[in-house]
Amino acid sequence: MSVQADGPRIRLPRRLCLAGVELGAGAVVALGFTKLCMSIDVNPMQRVGQVSGLAGLQLRFIAVFVVLALLWWAFSRRLSRPLALRLACCSLAGLATGLYAGGVAVTLRGTALPPNGVLGDAGQLQLWVADIQNGRPISGVYPPLFPHLLTWWTELFHPDRPGAALKVLGLVLIALTGPAAYLAWRMLLPPLWSLGIGVVSVFPIVHAAKPYVDIVLIMLIPVLAKFMAGLLGARAMTTRTLLLTGAGYGLGLSALFLWYSGWFVWSAPGALAALALLLFRLGKEGRTPLLRAAAMLGTTAAVFLAVSGSYLVRLLGMAGTPDTYMYFDTFVDPAYFAMWQGDQPGQFATAVWPLPGELGGVGVFALLLVAGLGVALWLGPTLPVVQVAGLCMLGAFGLRYWFASHMERDQLVQLYPRTSAELLYCAIVLCGMAGYLVSQKLTGRSPLALIGGRKGPVPALRTSGAVLCALAFFFSMAGSATVDRFMPRQDGSWGTLTWVAQTTEQPGGGCPRYAPEGKCTPLREAWARR
């Protein structure tokens, strides 16, 4: 995080305190609402129970939002309108993903297992917990931070039950994704825009079975953009500030890398191109700006290598490991990324996919993404966030097409369909930035993101209230639709994952509470299926 102040009167300690207040408020609302949703008593294995559960989620969402809105209004009128707006945005971010997490809790009601039970990645993580507890090594390629966190969580809250630990920790991470996304974008943008861009993008990106993976992508793009903005501002920093800032970025990027490194791989070409473009720009401005940026960059790199170097070496050593798993998305037009099926064929396996678009096969949503990209590049080509998102998108496309073009010859996939999430996220970011830049243009203001600024004029109470209500309406609909996709069903969709959890024997013995006819797959047999 850059140590530049938003203004001459705002010191770093105060900024950190305000950020802590925002994060704390968002986390409390997110986790509290998730806990509230666990009181919904329905049978998630029957459709009538699923519909009742979705309605119960919405009733709780409306009630909590109304209470929070009254608190924001009172706080705004009596104390501080800027602080009230911050608290409103961060708490709504928590409420949005609290709805998502609470809905996933409903889909898993009556079972102690996470989505997919002991199959796939869920089972592998549970095996790694046992390996870590017994002093055995785990995969040297997989990022080590989450498996060790899961082990600690298991020992502390769910001894000898890593499946239950993974279920609960997954719910916690889904709930906290909204506040995390909001805080990441607050490094660049004012509250309402951070809420709109950061949290809106959570629903199409974050997967209930692996939320720890997607949270890194959502945070990486704004962190890289803020880092680029920090390099631009390095000339104005003292040497001590410059070195501390560089070290802070090194630690932050290391944490994200050790948590999940996959997005660094797909983002690397674009990030390096954005960095080269920035250094070229600084070189044209003179030797001093370039040297100071290089000093900050070197500090960041040194800290990153000191913390993550050993894992990076292992990861590079395994580069090119063949991946031959052909699944549904590997047979889809590689230019299409607006939605994806994942590795579950689903009910569209025998239907037309991608869904036909209205203009040359391109749908309205994709056309909106195209328009947003064009406007963002038109109005903000020099903004670090636009450059990072645009070039990361271009780099991900390049890697995607490279691997797909060699798939027949080499009979290798190399995970290229996973770029769909990054392509969609970067496109949403560019659309959000297009809206931000248009608003700045209409009001005659300069874009604060050019220097990584986060402070802007506080909208009128009526304006901010209208935006918050509109976003809350979207979050309620998107949360319900996303949760509905994960309701247990046997059609090969994502609901299959929770169906497996609901029909697999519990670690302590016995079937889940809502297993059909009280029958389930024995745990030993489920492990054998892996």
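Quick note: residue numbers are just sequence positions, from 1.
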Please tabulate, for the side chains in residues 470-478, all donor-acceptor contacts under 3.5 angstrom to protein atoms that are two or more places apart in sequence or on a different chain.
unit_1: Ser476; atom_1: OG; unit_2: Phe473; atom_2: O; d: 2.7

Considering residues at least two apart in sequence or located in another chain, which fulfil the side-chain contact (heavy atoms from CB on, under 4.5 Å) criterion with [X]?
| X | result |
| --- | --- |
| Ala209 | Pro115, His207, Leu497 |
| Ala184 | Met219, Pro222 |
| Val362 | Ala366, Leu367 |
| Val438 | Val375, Leu379, Leu442 |

Task: Summary of side chain to side chain donor-acceptor pair (under 3.5 Å) pairs that have at least one residue in residues 89-102, sequence neighbours excluded - done: Trp72-Ser91

Open item on the list: Any side-chain to backbone donor/acceptor pair from Thr443 onto Gln440? Under 3.5 Å, distance only.
Closed with: yes

Task: Main-chain N/O of Gly198 paired to Ser201 side chain as donor or acceptor, under 3.5 Å - done: yes

- [ ] Provide the full list of ring pair (Phe, Tyr, Trp, His ring centres under 6.0 Å) pairs with a residue in residues 365-395, sequence neighbours left out, each pair given once.
- [x] none

Tell me which donor-acceptor pairs under 3.5 Å the side chains of residues 383-392 have, and how far apart each pair is, sequence neighbours excluded?
unit_1: Gln387; atom_1: NE2; unit_2: Pro381; atom_2: O; d: 3.0

- [ ] Could you pull out all residues at least two apart from Asp484 that satisfy salt bridge (Lys or Arg N to Asp or Glu O under 4.0 Å)?
- [x] Arg47, Arg489

TODO: Could you list the residues that satisfy salt bridge (Lys or Arg N to Asp or Glu O under 4.0 Å) with Arg400, not counting sequence neighbours?
DONE: none

Task: Spacing of Arg281 atom CZ and Leu232 atom CG [to the nearest 0.5 Å] - done: 5.0 Å

TODO: Could you pull out the closest heavy-atom pair between Cys431 and Leu368, with the gap in Å?
DONE: SG-O, 3.5 Å

- [ ] Considering non-hydrogen atoms only, spot the tightest contact between Val216 and Tyr260 and give its length.
- [x] CG1-O, 3.6 Å

Show me, pair by pair, the donor-acceptor contacts under 3.5 angstrom made by side chains of residues 25-32, not counting sequence neighbours?
none

Task: Summary of salt bridge (Lys or Arg N to Asp or Glu O under 4.0 Å) pairs that have at least one residue in residues 188-217, sequence neighbours excluded - done: Asp121-Lys210

